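Every value quoted in this text rests on a predicted model; they were computed, and no experiment measured them. Below, read A as the first sequence line, B as the second, and so on, with proteins coming before strands; counting in each chain starts at 1.
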There are 2 protein chains.
Amino acid sequence: MKSITSTSEKILDIAQSLIVAGGYNGFSYADISAAIGIRKASIHHHFPTKAELVSVLVDRYRQQTEAGLKSLREGVSSPAEQLQAYMNYWHSCIRDASLPFCVCAMLASEMQMLPEEVASQVQGHFHSLARWLASVLQTGAENGHLRLDKQPEEEAQMLMASVHGAMLSARAFGDPELFIAIVAPQIARLQAQD
Amino acid sequence: MKSITSTSEKILDIAQSLIVAGGYNGFSYADISAAIGIRKASIHHHFPTKAELVSVLVDRYRQQTEAGLKSLREGVSSPAEQLQAYMNYWHSCIRDASLPFCVCAMLASEMQMLPEEVASQVQGHFHSLARWLASVLQTGAENGHLRLDKQPEEEAQMLMASVHGAMLSARAFGDPELFIAIVAPQIARLQAQD
DNA sequence: ATTTACCTACCTACTAGTAGGAAGAAGACA
DNA sequence: TGTCTTCTTCCTACTAGTAGGTAGGTAAAT
């Protein structure tokens, strides 16, 4: 029987945290090797090439995200609270330094020199996140709980950019609270206060 | 007499474009060497270490930015137009691919593994950009040309995050127009329409 | 005479990736 | 049940190429 976290999963976990810290070119097989006490060659056994490793990693990240966002839509009552829960998720990730940056946001900044397979998956993540946000916003607008100035798709893009920019500012200033200070008003703006 | 663009300047120009494309770990002395037809060792003559090269580069970038923002404040009439001019500057940079990402935003994403001297300069850029935006917003609020929901400093942080997030989205989707679509409404929101 | 800007040639450390083998687990089968 | 075979996982040892950086020299400008 396999241990609850297989070696492949451990490799992906470490690689993910290294990418979040320094991007695609910011880590090596040797770094992973040192972190989990396994030889470099053994990592190549699980993931023959770096491009493949990151590709699988992003795939896993997208699945986790997709599942998380789906359960968020089902578990939380109102659209406004769904947005807030999404924001709070990232806030705690940044505060406890567990995942202080979105993997795909990190990789998107290096878009131009990413292996093509990875680049298209990163773009895919941006698409599905924008879709999720637009869907939440539209539902909110239909219910009258949210008031949109623009089309849901446009508002979704604005909100997504705000979240990514807030991550960057929080990192640049070394201040996790800055994330909330930036994103919260953007969400509040959308809540109808009549 | 030195040529209008000295070798050092050429090195910095190339290095800057390489950083914008792939970050600190995304370029090497060999890349610069190949791009301007000079030997690696000659680059070390101008910039002994990579950390020093990037440090000088960021310093130059900050000076250029500071000068640009200053002349923007002096040359453009109203605060709202100053914000729009700032946005348009980045829009054309992204569209013609001359500087399709802020150097400091790029480096900020790698903050954790940057040489300390570089990291503090990047943070310095974020500070001074936030200060400039806050100052423009405050002037606008005092003149009554802008209507702020929050303190100028908070609104400045929100606007800055929006700009950086919009750069990222434009890159991720490969669509320069997305930048404007995200930032323009954020500026429009601040314009008093009574 | 010294400095500047460049060169060739080199160094050590690290990069992703490969070859081939050892040890054990998992089935298949008598 | 034992044992033969195969697959998985990991290893040592290696490759070619690249990373940042250095030593020491040449030629021209100051």
Any side-chain N or O of [X] under 4.0 Å from OP1/OP2 of [N]?
X: B:T7; N: C:dC6; answer: yes
X: A:H45; N: D:dC10; answer: no
X: B:S42; N: C:dA5; answer: no

Whole-Å distance between [N] [atom2] and [X] [atom1]?
X: B:K10; N: C:dA5; atom1: NZ; atom2: P; value: 13 Å
X: B:H44; N: C:dC7; atom1: NE2; atom2: P; value: 13 Å
X: B:N25; N: C:dA16; atom1: CG; atom2: P; value: 11 Å
X: B:I43; N: D:dA19; atom1: CD1; atom2: P; value: 11 Å

Check the angle between the aromatic planes of A:F126 and A:H164 and answer parallel, tilted or perpendicular using the 30° and 60° thresholds.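 Tilted: the ring planes of A:F126 and A:H164 meet at 30° to 60°.
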Among B:K150, B:R189, B:R147, which residue satisfies the salt bridge (Lys or Arg N to Asp or Glu O under 4.0 Å) criterion with B:E155?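 Only one of B:K150, B:R189, B:R147 forms a salt bridge (Lys or Arg N to Asp or Glu O under 4.0 Å) with B:E155, namely B:R189.
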Option among B:L57, B:D59, B:V54 that satisfies the side-chain contact (heavy atoms from CB on, under 4.5 Å) test with B:V118: B:V54
Go through residues 50-61 of chain A and report each residue with a non-hydrogen atom lying under 4.0 Å from DNA chain C, sorted by number.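 By residue number: A:K50.
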Among residues 26-40 of chain B, which contact DNA chain C at a heavy-atom distance under 4.0 Å?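 Output list: B:I38, B:R39.
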Could you tell me whether the side chains of A:S78 and A:E81 share a donor-acceptor contact shorter than 3.5 Å?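 Yes, because at least one side-chain N or O of A:S78 sits under 3.5 Å from a partner of the opposite role on A:E81.
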Donor-acceptor pair, distance only, cut-off 3.5 Å: does the side chain of A:Y29 make one with the backbone of A:K50?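 Checked: pair present.
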Counting only heavy atoms not in A:E74, do more than 12 sit closer than 6.0 Å to its CD atom? yes
Tell me, yes or no, whether the heavy-atom count around A:Q151 atom CD, taken from other residues, nucleotides or ligands under 6.0 Å, exceeds 12.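 Not buried by this count: 12 neighbours or fewer within 6.0 Å.
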Test of understanding: clusters of I, L, V, M, F, W, Y form through side-chain heavy atoms closer than 4.5 Å, transitively. Do A:M113 and A:L18 belong to the same one? no
Residue mapping more 5' on DNA chain C - nearest nucleotide basis, A:P48 or B:H46: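 It is B:H46 whose nearest nucleotide is closer to the 5' end.
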When rounded to the nearest 0.5 angstrom, what distance separates NE2 in A:H125 from OG in A:S120? 14.0 Å
